[in-house]
Number of protein chains: 2
Amino acid sequence: MSTSRGARQLTIKEVASHAGVSPMTVSRTLAGGRNVRPDLQERVMAAVQELGYYRNENARSLRPGQPSGLVGVAITNLANPYYGNFALGVEEVAAEHGRRIMLGNSGEDDARERQLVSDFIGRQVDGLILVPTSGEAEHLRPERLGDVPLVLASRRVPGLEVDTVLLDDVGGAYRGTVSLLDAGHTRIGFLGNRSSVFTGERRYRGYEQAMAERGLVVDPLIVARAQQDVAAASRAARAMLDLEDAPTAIFSANNRNTIGALREIGRRIREGLPGPAVVSFDDFELSELMPVPVTIIDHDARLLGREAATLLFSRLDGSAEGAPRTVELPVTIEHP
Amino acid sequence: MSTSRGARQLTIKEVASHAGVSPMTVSRTLAGGRNVRPDLQERVMAAVQELGYYRNENARSLRPGQPSGLVGVAITNLANPYYGNFALGVEEVAAEHGRRIMLGNSGEDDARERQLVSDFIGRQVDGLILVPTSGEAEHLRPERLGDVPLVLASRRVPGLEVDTVLLDDVGGAYRGTVSLLDAGHTRIGFLGNRSSVFTGERRYRGYEQAMAERGLVVDPLIVARAQQDVAAASRAARAMLDLEDAPTAIFSANNRNTIGALREIGRRIREGLPGPAVVSFDDFELSELMPVPVTIIDHDARLLGREAATLLFSRLDGSAEGAPRTVELPVTIEHP
DNA sequence: CTGTTAGCGCATTCAA
DNA sequence: TTGAATGCGCTAACAG
């Protein structure tokens, strides 16, 4: 038998005595076996197997300079499939580098993000990847982070110069809006994040710019920039479409707003009301089956995650040094 | 100034000398301040602030019996929004209990799951929450896990008696199939996971049972049980619908298969071909806007995650002991 | 209420 | 090639 019950955890000492060697031989064997006789290695591995021993990674990384192999990841909304894919991309690259991720959901809440970051640091993460909330970023300043590298994804934080992966928000929003203008629309509603959210601001800028170029003034009545979730987005779309002078097209700046808008549009169509054309920043599944034409400003959240992780590991592996870099990933416009 | 750069990490010693107290006073203060004079506490907290000190949680949990505050979570496919929501549910409850989650994606791969679990244990997790892959479960047996509590979600592992959260797969699939039969369909295709996947088997059973009750024999030609992703599901749906004797309705046993099937169905409808009715186990966004009627067998992935975490913490907090429990969450049928 | 001592599991020294 | 001593950061247990 080989049960390992008992409150006390198994240590290299037990493995050592079981294998008839010193703890150091066990340690060396587990570290790759350099300078250990093959037969001793086998004895050690056999003992490890038999006892069901797991090396204590925490104790291991206690020594200063030793990496913990952990990466802290904080995202704003895991319920959004977009961020699920982002997290997957990060996890994949981390796994390829033998690292594990600790995942926290900030829910767009500053205080929560601050908690997460300090917890991550307390757990000795080798690096941080954040989709930052938009508030104060006191806790992300280099003095607070010590030498823990930070990579921002999707959004920048004002005044914080660190490695960042962004999308071409302005260009994508611009091109998406232009496609509506080219189709003859002049009254185009906007649904998006509040302007303090980095992407919210950038995507609005692209929209506004396209409108301005055609000499169109944006009507505040058909601009809604406060919705974080699907239900709120639905309500905002409804208010806009119920107007006397309703928009004939809607630019939606993100996935959550798009779903909300389409839900409302679907409801209207079932009631025999007309549905506006939609341009959506962010893809979603089955967009091709919608009852109104939906143009997608598409990008790959998983790739965004992979890029963020790649940036981080290039710092950790020492293969990149010097000034912070920004990677801006392109977006593609997909017509219905 | 108060920079904390430098390779060496900040310790309670530095905080102690900065505050003019002993390390123990710092430790006690950080632990809640019991039996420490208020003025000393203030001095300590000031020093912590000023130096930007973070307590080393790894060193802290080195002592046997001390919880690490970490929960290991392994899921099979983060790209599936369903599991994103599941992870969110787990994260929420963990956060409510002051715990952090380490997240790994197994990708339905046994070996990967095994790696994840041993890594988690090596990092001293207080507990594990798994959506198990379907292969060998050697590495999940109690002897291997020592005293780390395990909760399974969504799927059971044969021969492994542990706390488990399931859905009413059989009942849901049965009721969903019945709704198709009641609508007059007799030739109903099945798309699902391979039978070695727990839910794949259970949902097939519900389907088969409903068919049998009406005296219908399942035709293997319109049963496809190998697709893991959307593209494969699309191909399987296509093959089925291209048959001379194509099904008039499709039962899809999970989200990925539903999306794939609908993609194919949408393509056919655009070509003027008829589209079969669909019943989907798992909800997806905008299902109400599909070009064919889609009945949803709905359930709450986030709640599943919350239940799994709740089960785990009830073990950790000692509020539950004894025999493994199984919670089976109900599903609801939503007609189009 | 405060400080000193000791040891958690492991790996980097150094000595054999 | 192997082993013994030492210390990583922190906190029980024990003095004071």
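Residue numbering restarts at 1 for every chain, and letters A, B, ... go by the order of the sequence lines.
A salt bridge does not link B:Glu57 with B:Arg123: none of the charged nitrogens is closer than 4.0 Å to a carboxylate oxygen. A salt bridge links B:Glu92 with B:Arg302: at least one charged nitrogen is closer than 4.0 Å to a carboxylate oxygen. Between A:Glu91 and A:Arg306 there is no salt bridge, since no side-chain nitrogen of the basic residue lies less than 4.0 Å from a carboxylate oxygen of the acidic one. Checked for salt-bridge contact, B:Glu50 and A:Arg144 miss the test: no charged N lies under 4.0 Å from a carboxylate O.
Looking at heavy-atom distances under 4.0 Å, B:Asn35 makes contact with a base. Residue-level contact check: A:Ser27 touches the bases, meaning some heavy atom is under 4.0 Å from a base atom. Within the 4.0 angstrom heavy-atom criterion, base atoms lie near A:Arg28. Within the 4.0 angstrom heavy-atom criterion, only backbone atoms of the sugar-phosphate kind lie near A:Arg37; the bases stay farther away. Across all strands, B:Arg60 comes closer than 4.0 Å only to sugar-phosphate atoms, never to a base (heavy-atom distances).
For the pair B:Lys13 NZ and D:dT11 P, the interatomic distance rounds to 14 Å; values are reported in whole Å. Counting to the nearest Å, the P atom of D:dT11 and the CG atom of B:Asn56 are 9 Å from each other. C:dG9 atom P lies 16 Å from atom CD1 of B:Ile121, rounded to whole Å. Distance, A:Asp39 CG to D:dT1 P: 12 Å, rounded to whole Å. Atom CD1 in A:Ile12 sits about 12 Å away from atom P in C:dC8, given to the nearest Å. Look at CG on B:Leu30: it is 15 Å from P on D:dG9, rounded to the nearest Å. One interatomic measurement links the two molecules: CD of A:Gln41 to C1' of D:dT1, which rounds to 11 Å at whole-angstrom precision. Spacing between atom CD of A:Glu14 and atom P of C:dC8 amounts to 11 Å, rounded to whole angstrom units.
Other residues, nucleotides and ligands contribute at most 12 non-hydrogen atoms within 6.0 Å of the CE atom of B:Met45.
Comparing A:Glu57 and B:Met24 by the nucleotide of DNA chain C that holds the closest heavy atom to each, the one mapping nearer the 5' end is B:Met24. Comparing B:Pro38 and B:Leu62 by the nucleotide of DNA chain C that holds the closest heavy atom to each, the one mapping nearer the 5' end is B:Pro38.
For the pair A:Tyr53 and C:dC10, the criterion of a side-chain N or O lying under 4.0 Å from OP1 or OP2 is met. Listed pair A:Thr11 / C:dG9 fails the phosphate criterion, with no side-chain N or O lying under 4.0 Å from OP1 or OP2.
With D:dG9, C:dG9, D:dT11 as the candidates, the nucleotide lying closest to the side chain of B:Arg55 is D:dT11. Closest to the side chain of A:Arg63, from the set D:dG9, D:dG7, C:dG3, is D:dG7.
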